[in-house]
Protein chains: 2
Amino acid sequence: MPSPPRARRKEDARARILAEARHIVLEQGFEALTMRRIAEAAGYSAAALYLHFENREAIARELGESGMHSLLKALTEAAASADEPVKRLRALALAYVGFARIEPETYRLIFMEPSFAASALGGKDEAGAAAFQLLAGAFEALDRAGRLRPGQDLGGLALTFWILLHGTVSLKLTCSAFLSPPEEDLLAAALDSLLNGVLAPEPMGSKQPER
Amino acid sequence: MPSPPRARRKEDARARILAEARHIVLEQGFEALTMRRIAEAAGYSAAALYLHFENREAIARELGESGMHSLLKALTEAAASADEPVKRLRALALAYVGFARIEPETYRLIFMEPSFAASALGGKDEAGAAAFQLLAGAFEALDRAGRLRPGQDLGGLALTFWILLHGTVSLKLTCSAFLSPPEEDLLAAALDSLLNGVLAPEPMGSKQPER
DNA sequence: ATGTTCACTAAACATTGTTCATAAATTGAA
DNA sequence: TTCAATTTATGAACAATGTTTAGTGAACAT
């Protein structure tokens with residue numbers, strides 16, 4: 001049989017290296033992702049990895065980017081699963097939290113690693129921006145349905161929503177000992193408070209609540 | 001002059017090592033905190049550090065604990081600065097964000113490093129719990145003043161507040177390129193939304209908004 | 001066939017945390 | 001004071017990390 005062309009084999013090698021790297025991160029965590037371990041798992045010497053990737057960081061970056069695509073996919077499906085705007089918000093929240101639960105190390109890599117997030121969100125990879133647009137879209141739908149209080153900043157609301165999502169996930173990831181309730185409950189409560197408010201409405205005629 | 005007693009000198013050495021370590025973290029970031037660098041700055045060999053600390057991790061832990069005390073102090077002062085409950089909440093939020101702005105690396109160490117938060121918040125050091133109690137206390141004050149909607153879970157609200165604080169700070173820390181507004185503005189908007197709610201009140205007689 | 005490019009490896013380097021044998025300094029008692 | 005013991009510190013070494021380099025065949029194009 002004819003041996004596949006060189007370019008093809010090179011792509012295969014790249015893919016195999018990435019697959020093994022992903023496997024290691026999933027099984028043993030991000031800190032266990034060493035060049036020698038990846039190389040051994042892929043059947044190479046450590047030096048060979050540098051023929052396919054510039055860096056260890058480059059490998060991590062690709063892992064993060066593909067993780068971001070997974071997240072985007074999960075969010076897209078969630079957004080499509082509910083027409084009613086509030087239900088869509090909750091579906092998005094559940095999908096976000098679900099992704100972080102299934103791949104905590106990937107989430108950490110994308111959103112909590114010092115060096116990474118900048119290049120992932122600021123780079124030419126638009127998955128991150130697309131994911132955020134999904135959140136923003138849910139609030140636009142909420143607005144179109146007339147469900148929002150007047151004078152809301154839609155972009156600001158989407159940011160606040162993201163802050164809530166990320167706050168819940170990342171706090172649970174690092175301080176799980178201190179946070180007994182599961183992510184879903186934490187987030188559900190927070191989202192309820194956000195949507196319905198916390199302060200009691202002032203009786204008519206009294207002074208307005210501070211802003 | 002008599003040389004100070006041994007215990008005293010040993011304490012001094014410990015303190016000096018910690019001070020230099022803190023200096024390095026502040027100046028060059030947490031990743032630059034290597035044993036040899038600390039040792040050189042403190043005028044020791046690397047091996048000497050192990051006479052005063054079990055680990056590099058032990059040094060980092062002490063830095064984190066003292067950082068947590070700083071945060072607790074800042075929050076305490078903020079809480080005392082405002083009697084009016086809503087203003088106290090905002091003061092706490094500003095203090096939290098301000099701490100993270102002044103010592104981002106310390107914040108990262110405490111709340112974003114994989115290994116750390118568990119031991120810092122779960123350990124016998126109560127600064128973390130005390131800090132959280134300050135947040136909870138603000139909501140209790142809010143409740144006592146009759147400013148809360150009926151049937152609110154005070155503990156849950158405090159958690160949500162913390163989630164908001166941490167979400168804002170940590171997202172800004174890792175995705176600053178994607179988040180143009182300063183932390184204070186992000187957090188102020190989020191807090192406004194949380195307190196006053198997002199959804200428009202339904203007209204009387206119609207069905208209740210989804211929960 | 002032959003020269004060139006490519007894929008790969010073994011070995012090495014610098015840097016990391018950590019340990020160990022050893023030496024110097026300090027201390028408490030004889 | 002003298003002397004043994006304890007404490008404090010060091011330099012060298014070890015294992016593991018990311019990365020670079022020289023060298024070696026194999027695959028390729030001509």
Side-chain angles (χ1 to χ4, degrees), chain A residues 1-25 27-64 105 109 113-116 119, chain B residues 1-25 27-64 105 109 113-116 119:
Chain A
M1 56 181 130
S3 82
R6 198 130 69 171
R8 162 81 180 166
R9 266 182 308 169
K10 178 135 186 174
E11 264 186 39
D12 282 359
R14 239 187 95 95
R16 194 152 39 95
I17 291 169
L18 274 178
E20 293 298 341
R22 187 173 295 115
H23 190 248
I24 289 171
V25 168
E27 300 274 309
Q28 309 173 243
F30 181 63
E31 56 163 11
L33 189 75
T34 73
M35 297 302 267
R36 284 172 175 84
R37 249 189 282 264
I38 302 172
E40 191 193 13
Y44 286 119
S45 76
L49 303 189
Y50 290 85
L51 302 177
H52 301 275
F53 298 90
E54 189 196 348
N55 260 343
R56 184 189 111 112
E57 197 189 331
I59 297 181
R61 193 185 321 133
E62 294 232 12
L63 288 187
E105 294 290 339
L109 174 59
E113 215 60 35
S115 55
F116 185 75
S119 61
Chain B
M1 55 179 126
S3 83
R6 198 133 65 175
R8 162 81 180 166
R9 266 182 308 167
K10 177 136 187 171
E11 263 186 39
D12 281 359
R14 240 187 93 95
R16 193 153 38 96
I17 291 169
L18 273 177
E20 293 299 340
R22 186 173 296 114
H23 190 247
I24 289 172
V25 168
E27 300 273 310
Q28 311 174 240
F30 181 61
E31 56 164 14
L33 189 75
T34 73
M35 298 302 268
R36 284 172 176 83
R37 250 190 282 264
I38 303 172
E40 192 194 13
Y44 286 118
S45 74
L49 302 189
Y50 290 86
L51 301 177
H52 301 276
F53 298 90
E54 187 197 349
N55 261 345
R56 184 189 112 110
E57 197 189 331
I59 297 180
R61 192 184 323 133
E62 294 233 10
L63 288 187
E105 295 289 340
L109 174 59
E113 215 60 37
S115 56
F116 184 75
S119 62

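Protein chains get the first letters and strands the later ones, always in sequence-line order, with residue 1 at the start of each.
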**Student:** How many Å lie between CD on B:Glu57 and C1' on C:dT18, as a whole number?
**Tutor:**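 In whole Å, C:dT18 C1' and B:Glu57 CD are 14 Å from each other.
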**Student:** Determine the contact category for B:Leu33: base if any of its heavy atoms lies under 4.0 Å from a base atom, sugar-phosphate if only primed atoms, P, OP1 or OP2 are that close, otherwise nothing.
**Tutor:** sugar-phosphate
**Student:** Within a reach of under 6.0 Å around CD of B:Glu11, are more than 12 heavy atoms found that belong to other residues, nucleotides or ligands?
**Tutor:** no
**Student:** So, is A:Arg37 close to the D:dT17 phosphate, meaning a side-chain N or O under 4.0 Å from OP1 or OP2?
**Tutor:**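 Yes, because at least one side-chain N or O of A:Arg37 sits under 4.0 Å from OP1 or OP2 of D:dT17.
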**Student:** Please table the atom pairs, donor to acceptor, closer than 3.5 Å between any side-chain atom in residues 30-47 of chain B and protein atoms at least two apart or in another chain.
**Tutor:**
residue	atom	partner	partner atom	Å
B:Thr34	OG1	B:Arg37	N	3.1
B:Arg37	NE	B:Ala32	O	2.7
B:Tyr44	OH	B:Arg16	NH2	3.0
B:Ser45	OG	B:Ala48	N	3.4

**Student:** Are any of B:Asn55's side-chain N or O atoms less than 4.0 Å away from OP1 or OP2 of C:dT18?
**Tutor:** yes
**Student:** Nearest whole angstrom, please: distance from the P of C:dT15 to the CZ of B:Arg56.
**Tutor:**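 Distance check: B:Arg56 CZ to C:dT15 P gives 17 Å.
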**Student:** If I take atom CD in residue B:Glu40 and atom P in nucleotide C:dT15, what distance separates them, rounded to the nearest angstrom?
**Tutor:** 12 Å
**Student:** Given atom OH of B:Tyr50 and atom P of D:dT10, what is their separation to the nearest angstrom?
**Tutor:** 14 Å
**Student:** Just to verify, what does A:Glu62 make a salt bridge (Lys or Arg N to Asp or Glu O under 4.0 Å) with, not counting sequence neighbours?
**Tutor:** A:Arg14
**Student:** Considering non-hydrogen atoms only, spot the tightest contact between A:His52 and A:Ala13 and give its length.
**Tutor:** CE1-CB, 3.5 Å
**Student:** For nucleotides 9-14 of chain C, give me one character per nucleotide, 5' to 3': B if any protein heavy atom sits under 4.0 Å from the base, S if the only such contacts are to the sugar-phosphate, - if neither.
**Tutor:** BB-B--
**Student:** Specify the separation, in whole Å, of atom NE2 of B:His52 and atom C1' of D:dT10.
**Tutor:** 12 Å
**Student:** Considering non-hydrogen atoms only, spot the tightest contact between B:Leu109 and B:Ala60 and give its length.
**Tutor:** CD2-O, 3.6 Å
**Student:** So, using side chain to side chain donor-acceptor pair (under 3.5 Å) as the criterion, who are the partners of B:Arg56 when residues are at least two apart?
**Tutor:**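 Applying side chain to side chain donor-acceptor pair (under 3.5 Å) to B:Arg56 gives none.
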**Student:** Return the set of residues passing side-chain contact (heavy atoms from CB on, under 4.5 Å) with B:Asn55 (not counting sequence neighbours), or none when no residue passes.
**Tutor:**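 Only B:Glu57, B:Ala58 meet the side-chain contact (heavy atoms from CB on, under 4.5 Å) criterion with B:Asn55.
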**Student:** In whole Å, I'd like the distance from the CZ atom of B:Arg14 to the P atom of D:dA9.
**Tutor:** 13 Å
**Student:** Below the 4.0 Å mark, does D:dT8 have OP1 or OP2 next to a side-chain nitrogen or oxygen of B:Lys10?
**Tutor:**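 For D:dT8, OP1 or OP2 has a side-chain N or O of B:Lys10 closer than 4.0 Å.
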**Student:** Rounded to whole Å, how long is the line connecting atom CD1 of B:Ile17 with atom C1' of D:dA9?
**Tutor:** 11 Å
**Student:** B:Met35 has an atom CE; how far is it from atom P of D:dG11, in whole Å?
**Tutor:** 16 Å
**Student:** So does B:Arg9 get a side-chain nitrogen or oxygen closer than 4.0 Å to the phosphate oxygens (OP1/OP2) of D:dA9?
**Tutor:**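 Negative; the distance criterion is not met.
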